[in-house]
Amino acid sequence: MNWIAVMLGGGIGACMRYGLSLIPYGVRFPIGTFLANVCGAFLIGLFTGIASVRTVNPNTMLFLKTGMCGGFTTFSTFSSENVQMIKQGHSVSACNYMGISLVMCLFGVVLGETAGKRLA
């Protein structure tokens with residue numbers, strides 16, 4: 001059952017991520033990946049916060065955190081985009097992207113966890 005929960009959640013998360021990639025942002029900054037990672041960080045914090053206050057089925061947590069958030073967020077694309085930015089001579093932009101992503105994702109987890117505890 002654990003494998004099925006992860007597989008189903010991962011499929012949903014991957015479809016959510018693909019949906020973000022279809023939105024025309026009109027900027028050179030990789031906003032789709034940034035949004036997926038920050039939103040995913042918030043969601044994983046939210047689910048963790050709820051589970052810290054209420055009893056949640058372990059399969060539900062596997063579905064939500066490992067599956068859906070894992071399929072939605074994308075560290076490999078983030079890494080590839082940074083390498084491409086550096087190769088194109090945009091090292092400062094790449095460093096900014098890395099720093100902003102790290103700070104915002106950490107903030108997203110903390111904010112999500114706080115919200116989850118309050119909602120539960």
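- Side-chain contact between F29 and S93 is absent, with no heavy-atom pair separated by less than 4.5 Å.
- Checking side-chain atoms of N37 against main-chain N and O of T74 turns up a donor-acceptor pair under 3.5 Å.
- In this structure, S80 contributes its side chain and T77 its backbone to no donor-acceptor pair below 3.5 Å.
- When side chains are defined from C-beta on, Q84 does not count as touching H90, because their heavy atoms never get closer than 4.5 Å.
- M16 and L22 fall into different hydrophobic clusters, defined by Ile, Leu, Val, Met, Phe, Trp and Tyr side-chain heavy atoms under 4.5 Å apart, directly or through other members.
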side-chain contact (heavy atoms from CB on, under 4.5 Å) between M68 and F47, intermediate numbers included: CA-CA 11 Å; M68 193 176 77; F47 302 143; 3.7 Å; yes
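- Of the N and O atoms on the side chains of R17 and T73, not one donor lies less than 3.5 Å from an acceptor on the other residue.
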Should S52 and K117 be marked as a side-chain contact (heavy atoms from CB on, under 4.5 Å) after you check the CA-CA gap, both sets of side-chain angles, and the distance that decides it? CA-CA 7 Å; S52 74; K117 287 178 181 179; 3.3 Å; yes
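- When all heavy atoms of Y25 and I31 are compared, the pair lying nearest together is CG-CG2, 2.7 Å.
- Taken to the nearest 0.5 Å, the CD atom of E81 stands 12.0 Å off from the CD1 atom of I86.
- Hydrophobic clustering, defined by side-chain heavy atoms of Ile, Leu, Val, Met, Phe, Trp and Tyr closer than 4.5 Å, leaves V53 isolated from every other such residue.
- Tracing side-chain contacts under 4.5 Å through hydrophobic residues (I, L, V, M, F, W, Y), one never reaches I44 starting from L8; they form parts of separate clusters.
- Note that the CD1 atom of I50 and the OG1 atom of T60 stand 11.5 Å from one another [nearest 0.5 Å].
- Aromatic ring centres of F34 and F78: separated by at least 6.0 Å.
- Shortest non-hydrogen contact noted between C105 and A41 is O-CB, 3.2 Å.
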Could you walk me through whether F107 and F42 satisfy the ring pair (Phe, Tyr, Trp, His ring centres under 6.0 Å) test, starting with their C-alpha distance in whole Å, then the side-chain angles of each, then the deciding distance to 0.1 Å, before giving a yes or no? CA-CA 8 Å; F107 179 71; F42 174 81; 9.3 Å; no
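- No more than 12 heavy-atom neighbours from other residues, nucleotides or ligands sit within 6.0 angstrom of CZ on F75.
- To the nearest 0.5 Å, atoms SG (C39) and CG (L46) are separated by 12.0 Å.
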Passes side-chain contact (heavy atoms from CB on, under 4.5 Å), L106 versus V110? Steps please. CA-CA 6 Å; L106 291 172; V110 171; 5.8 Å; no
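- When the side chains of ILVMFWY residues are joined at heavy-atom separations under 4.5 Å, either directly or via intervening members, I100 and M85 end up in a single hydrophobic cluster.
- Linking Ile, Leu, Val, Met, Phe, Trp and Tyr whenever their side-chain heavy atoms come within less than 4.5 Å puts M98 and V27 in one cluster.
- No continuous path of hydrophobic side-chain contacts links V92 to V83 [ILVMFWY only; heavy atoms under 4.5 Å].
- Between atom CE of residue M61 and atom SG of residue C69 there is a gap of 9.0 Å, rounded to the nearest 0.5 Å.
- For the atom pair M104 CE and L35 CG, the distance stands at 10.0 Å (nearest 0.5 Å).
- Remark: side-chain polar atoms of S101 are paired, donor with acceptor, to backbone N or O of Y97 under 3.5 angstrom.
- Between L62 and N59, some side-chain heavy-atom pair lies under the 4.5 Å cut-off.
- Between the OG1 atom in T48 and the CG atom in L43 there is a gap of 10.5 Å [rounded to 0.5 Å].
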